[in-house]
Amino acid sequence: MPHPPTSPAPRRTPRARRAAVACLLGLMVLALAATGCGRPGSPPVKGPRGSDLPRYPVARNFSLPASPIWRAAARRGRLVVGVKEDQPYLGERDPATGTYSGFDIEIAKMAAAALGFPERSVVFRTIASANRETALQNGQIDLYVGTYTINAKRRRQVGFAGPYYMAGQSLLVRSDEHDIHGPQDLAGKRVCSAAGSTAYQRIRADYPQAVLVAYDTYSVCVDNLLTYQVDAVTTDDAILLGYAAKVPDQLKVVGRPFSREPYGIGVPRGDAPLRFALDDALAAAEKNGSWRAAYDATLGLSGVPAPQPPPIDRYPAG
Ligand code: GLU
């Protein structure tokens, strides 16, 4: 799948490059505090702390017989949720324990509880941006919660509950980059994004002068950015702010968001009863404070105070 850069352009001393690579490895194993990537004296990296996370009461005697997905999940006693594993504060997998954490993971737990599934019966499966629709269509997963933009094209293939968050496309560059301030500055620059993402598609359509590079995941793009293989990484601000917060002395998010990315919970297309039950669950969580508490304990740690969640779009079945 990767379409690697054709002409890497190292512009850094070997020592600086080694430091950048060491930092990235730290980023990927989520052990930055121990790698010494920050400047001496920089504060330890913050991460979601279990104690701050809300608990979601599991619905008792819940039943949704009109939903084929819910029926199958109830029969097997497990709800299988597709997520991301390399997006700080959103969907991260701790390689040591296999535990997933982040705002999307909280949304998934909240949704599962509302459908009658306690946390121990939720199985997370990492699915990349390009494979989401297929995974929902072929029954690999029951739901998908991972920075998944609701749009008309995808709605022809899958269903969406929500939105539960509004992001916007943005740009991540190295701290020593001074020429890129927005998408208008991308002509001739190497720009990395995830295959199958709205971010990739928008650059290809609207900024054709950019030299676009695609990988399966954004963490590989960030790796390429830190090692001077690409000049920018583009995707949602929520995702990029997380990477920047992990190595603030090396990376920065620049400019204003240049799209609207409403995040939805993906479900198989025909299952409107499931979609409506999830809309109800999100509405209840927004009302009773657990949405806010989940945000504050996860995505809020990347530095942006909790926004007002966008209105839920309960579009008709069919
Ligand atoms: N929200 C955008 C999308 O759904 C970009 C983030 C992602 O790839 O998950 O395509």
Side-chain angles (χ1 to χ4, degrees), residues 1-3 81-93 100 102-108 124-137 140-141 143-172 183 191-207 210 212-225 230 232-244 253 255-267 269 298-299 302 304 307 309-310 313:
M1 163 55 63
H3 313 288
V81 183
V83 293
K84 296 290 184 72
E85 67 170 25
D86 64 337
Q87 299 185 172
Y89 308 113
L90 283 157
E92 277 184 297
R93 182 176 173 274
Y100 287 82
F103 185 55
D104 283 331
I105 304 303
E106 292 306 304
I107 295 288
F124 292 112
R125 197 159 283 169
T126 301
I127 305 279
S129 295
N131 303 330
R132 295 181 281 211
E133 291 81 29
T134 317
L136 284 166
Q137 285 164 344
Q140 218 182 324
I141 53 175
L143 313 174
Y144 190 91
V145 193
T147 59
Y148 197 11
T149 293
I150 304 172
N151 64 27
K153 184 172 170 231
R154 289 175 179 166
R155 254 173 51 171
R156 286 195 284 275
Q157 298 172 274
V158 300
F160 285 103
Y164 60 87
Y165 183 78
M166 183 65 75
Q169 187 168 351
S170 210
L171 294 169
L172 181 74
V191 184
C192 193
S193 196
S197 68
T198 53
Y200 177 90
Q201 284 149 13
R202 184 166 295 102
I203 297 295
R204 198 177 54 180
D206 298 352
Y207 302 94
L212 201 46
V213 177
Y215 288 99
D216 285 347
T217 63
Y218 298 110
S219 52
V220 175
C221 283
V222 175
D223 180 352
N224 277 262
L225 180 63
V230 299
V233 176
T234 187
T235 185
D236 303 334
D237 48 1
I239 301 173
L240 298 178
L241 285 166
Y243 290 120
V253 176
R256 290 176 168 278
F258 50 98
S259 75
R260 284 167 71 78
E261 309 288 331
Y263 288 174
I265 303 180
V267 300
R269 187 166 187 279
T298 56
L299 197 48
S302 67
V304 181
D313 176 13

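Both counts, for ligands and for their atoms, begin at 1 and track the order of listing. The chain is numbered in sequence order, starting from 1.
- Those atoms of ligand 1 that come under 4.0 Å of a heavy atom in Tyr263, given as number and element, are 1 (N).
- Side-chain atoms of Thr147 and Gln87 include a donor-acceptor pair closer than 3.5 Å.
- In terms of N/O distances under 3.5 Å, ligand 1 is approached by Thr198.
- When each of Thr198, Val158, Ile265 is checked for a side chain to side chain contact (heavy atoms under 4.5 Å, CB included) with Tyr148, only Val158 meets the rule.
- Between Glu261, Gln169, Arg132, it is Arg132 that holds the heavy atom closest to atom 3 (C) of ligand 1.
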Inset, instruction - Could you walk me through whether Arg155 and Asp313 pass salt bridge (charged side-chain N to carboxylate O under 4.0 Å, His left out), step by step? - result: CA-CA 12 Å; Arg155 254 173 51 171; Asp313 176 13; 3.2 Å; yes

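- Annotation for ligand 1: atoms under 4.0 Å from non-hydrogen atoms of Thr235 are 5 (C), 6 (C).
- Applying the 4.0 Å criterion to heavy atoms of Ser129 picks out, from ligand 1, the atoms 7 (C), 8 (O), 9 (O).
- In summary, the atoms of ligand 1 found under 4.0 Å from a heavy atom of Ser197, numbered by their order in the structure, are 8 (O), 10 (O).
- In this structure, Asp237 contributes its side chain and Ala167 its backbone to no donor-acceptor pair below 3.5 Å.
- A salt bridge links Arg202 to Glu261: at least one charged side-chain nitrogen sits closer than 4.0 Å to a carboxylate oxygen.
- Assignment of Gln201 to the shell around ligand 1 is not supported, since no heavy atom sits closer than 4.0 Å.
- Using a 4.5 Å cut-off on side-chain heavy atoms (C-beta onward), Ser302 and Tyr89 make contact.
- Here's the thing with Tyr218: one of its N/O atoms is less than 3.5 angstrom from an N/O atom of ligand 1.
- Although no hydrogens or angles enter the test, the distance criterion places a donor-acceptor pair under 3.5 Å between the side chain of Ser193 and the main chain of Thr234.
- Ring-plane geometry between Tyr100 and Phe124 is classed as tilted, the angle between the planes lying from 30 to 60 degrees on a 0 to 90 degree scale.
- Between Gln87 and ligand 1, no N or O atom pair is found at a separation short of 3.5 Å.
- Near Lys84, meaning under 4.0 Å from any of its heavy atoms, are these atoms of ligand 1: 7 (C), 8 (O), 9 (O).
- Ligand 1 places these atoms under 4.0 Å from at least one heavy atom of Ile239: 6 (C).
- Those atoms of ligand 1 that come under 4.0 Å of a heavy atom in Gly146, given as number and element, are 9 (O).
- The single protein non-hydrogen atom nearest to atom 4 (O) of ligand 1 is Arg154 NH1, 2.9 Å, given as residue, atom name and distance.
- For a threshold of 3.5 Å applied to N or O pairs, the pair formed by Asp236 and ligand 1 contains at least one separation below that value.
- Numbered from 1 in the order shown, with element, the atoms of ligand 1 that lie under 4.0 Å from a heavy atom of Thr147 read 1 (N), 2 (C), 3 (C), 4 (O), 6 (C), 7 (C), 9 (O).
- Nearest approach of Tyr243 to Pro88, heavy atoms of both residues: CE2-CD, 3.5 Å.
- Within the 3.5 Å criterion, the main-chain N or O of Asn151 finds no donor-acceptor partner in the side chain of Arg154.
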